[in-house]
Amino acid sequence: MAALKTFLLVGLLSLGLLAGCDRLPGASQKPSFKAVDITGAEYARQLSLPDADGKPRTLADFKGKVTLVFFGYTQCPDVCPTTLAELAAVKRDLGKDGERLQGVFVSVDPQRDTPEILKAYMASFDPGFVALRGTPEQIKDTAKEFKVFYAQVPGKTEGSYTVDHTAGTYVFDASGKVRLFVRYGSGAEALRHDLKLLLDENPA
């Protein structure tokens with residue numbers, strides 16, 4: 001009987017110690033993101049396009065910053081301006097930390113999105129945001145790498161059109177690795193929460 005009590009006591013103590021290990025200070029835990037966690041994804045790993053000044057840009061240019069990549073076009077009636085305005089607002093709300101955020105807009109309508117139009121469009125949200133623009137073939141290849149859909153939809157008048165496109169944002173950490181996919185409509189509060197977690201991984 002005594003041996004049984006000793007066995008049970010040792011077992012309970014072992015369980016307690018194991019449970020305690022889960023709560024040890026400094027124990028690593030997976031961040032609780034609001035957006036879709038795509039850490040380790042086999043896509044959205046490369047981005048190489050000219051900016052509005054014609055300068056070649058890659059993801060490596062933005063290392064050290066949490067970078068948000070969004071595909072869209074300047075004549076987009078709602079999704080694009082809403083997304084960019086939200087990002088700009090979150091960047092301002094984060095104060096000093098906001099300086100370590102980088103917005104990148106990839107045009108899926110290079111036919112109409114001229115360098116001049118792109119510069120003015122980005123400046124209306126945040127002067128630090130970067131717009132990328134390539135040839136139709138370059139945009140097609142980039143969209144494929146990011147699993148982004150886009151297609152022209154004829155408008156009501158001859159020659160007019162809109163562009164249906166994936167309405168989501170890819171987020172890269174400061175080391176340049178893709179981490180999140182933020183669905184359109186997730187809201188500024190959820191975005192701020194996730195960006196703060198990523199910024200805290202590499203404090204200034």
Side-chain angles (χ1 to χ4, degrees), residues 43-92 94 98-178 180-184 188 191 195:
Y43 55 93
R45 294 171 299 178
Q46 298 180 8
L47 176 64
S48 180
L49 288 170
D51 62 19
D53 290 318
K55 177 183 177 181
R57 294 292 194 125
T58 68
L59 288 171
D61 294 331
F62 310 116
K63 276 192 176 181
K65 293 187 176 184
V66 172
T67 302
L68 297 93
V69 178
F70 178 77
F71 289 72
Y73 65 115
T74 61
Q75 295 190 40
C76 177
D78 41 34
V79 174
C80 301
T82 299
T83 298
L84 291 170
E86 190 172 83
L87 174 54
V90 169
K91 180 180 177 180
R92 289 192 299 271
L94 287 172
E99 296 176 9
R100 294 190 289 135
L101 293 180
Q102 178 64 57
V104 177
F105 180 79
V106 180
S107 172
V108 294
D109 187 18
Q111 179 178 331
R112 295 183 298 189
D113 288 346
T114 65
E116 293 73 24
I117 287 175
L118 283 171
K119 287 179 184 180
Y121 189 69
M122 301 312 288
S124 67
F125 297 102
D126 186 286
F129 288 178
V130 173
L132 303 182
R133 174 183 182 272
T135 64
E137 191 61 34
Q138 286 177 314
I139 298 300
K140 180 181 177 181
D141 291 343
T142 303
K144 183 178 180 180
E145 167 66 18
F146 277 73
K147 296 187 180 297
V148 164
F149 165 84
Y150 69 99
Q152 289 187 8
V153 179
K156 295 181 179 180
T157 59
E158 185 177 354
S160 68
Y161 63 89
T162 57
V163 183
D164 283 350
H165 61 90
T166 299
T169 303
Y170 286 92
V171 183
F172 296 77
D173 62 23
S175 68
K177 295 178 180 178
V178 67
L180 304 173
F181 180 76
V182 183
R183 293 190 178 97
Y184 175 69
L191 180 61
L195 294 180

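Note that the structure is a prediction, hence the values are computed from the model and not measured.
- In terms of heavy atoms, Val90 sits closest to Ala188 at CG2-O, 3.8 Å.
- At least one side-chain heavy atom of Thr142 sits under 4.5 Å from a side-chain heavy atom of Phe71.
- With hydrogens and angles ignored, the 3.5 Å screen pairs a side-chain donor or acceptor of Thr58 with a backbone N or O of Ala60.
- Remark: Arg100 CZ to Leu94 CG distance equals 9.5 Å, nearest 0.5 Å.
- Using a 4.5 Å cut-off on side-chain heavy atoms (C-beta onward), Val69 and Leu47 make contact.
- In this structure, the separation between CG on Asp126 and CG on Leu87 is 7.5 Å, given to the nearest 0.5 Å.
- Side-chain contact between Gln111 and Gln152: present, with at least one pair of heavy atoms (C-beta onward) separated by less than 4.5 Å.
- No donor-acceptor pair under 3.5 Å is formed between the side chain of Asp141 and the backbone N or O of Gln138.
- The CG atom of Leu191 sits 7.5 Å away from atom OG1 of Thr169, with the distance rounded to the nearest 0.5 Å.
- Within the 3.5 Å criterion, the main-chain N or O of Val79 finds no donor-acceptor partner in the side chain of Thr82.
- Scanning both residues, Glu145 and Arg45, for their nearest heavy atoms gives OE2-N, 2.8 Å.
- Inter-residue side-chain proximity for Phe172 and Lys63 is flagged as unmet; no heavy-atom pair is nearer than 4.5 Å.
- Aromatic ring centroids of Phe146 and Tyr170 lie under 6.0 Å apart.
- Panel note: side chain His165, backbone Val148; no donor-acceptor pair is recorded below 3.5 Å.
- Here the closest non-hydrogen pair linking Gly134 and Ile139 is N-CD1, 3.6 Å.
- Residues Tyr150 and Lys140 meet the side-chain proximity criterion, which asks for heavy atoms closer than 4.5 Å.
- A salt bridge does not link Asp51 with Arg133: every distance from a Lys NZ or Arg NE/NH1/NH2 to an Asp or Glu carboxylate oxygen is 4.0 Å or more.
- Side-chain contact check for Val104 versus Leu68: every heavy-atom pair is 4.5 Å or farther apart.
- Residues Val130 and Leu132 share a closest heavy-atom pair of CG1-CD2, 3.8 Å.
- At least one side-chain heavy atom of Cys76 sits less than 4.5 Å from a side-chain heavy atom of Pro81.
- In this structure, CZ in Phe149 is found 15.5 Å from NZ in Lys144, a value given to the nearest 0.5 Å.
- Side-chain atoms of Asp109 and Ser107 include no donor-acceptor pair closer than 3.5 Å.
- The shortest heavy-atom contact between Val163 and Tyr73 is N-OH, 3.1 Å.
- Counting all heavy atoms, side chain and backbone alike, Val178 lies closest to Tyr43 at CG1-O, 3.9 Å.
- The shortest side-chain heavy-atom distance between Arg112 and Ile117 does not fall under the 4.5 Å cut-off.
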Decide side chain to side chain contact (heavy atoms under 4.5 Å, CB included) for Val171 and Thr67; before the verdict, give the C-alpha distance in whole Å, the side-chain angles of both, and the deciding distance to 0.1 Å.
CA-CA 6 Å; Val171 183; Thr67 302; over 6 Å; no
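- Looking at Gln102, its side chain does come within 3.5 Å of a backbone N or O of Gly128 through a donor-acceptor pair.
- Below 30°, between 30° and 60°, or above 60°: for Tyr121 and Phe105 the angle between ring planes is between 30° and 60°, a tilted geometry.
- Using a 4.0 Å cut-off between charged side-chain N and carboxylate O, Asp53 and Lys119 make a salt bridge.
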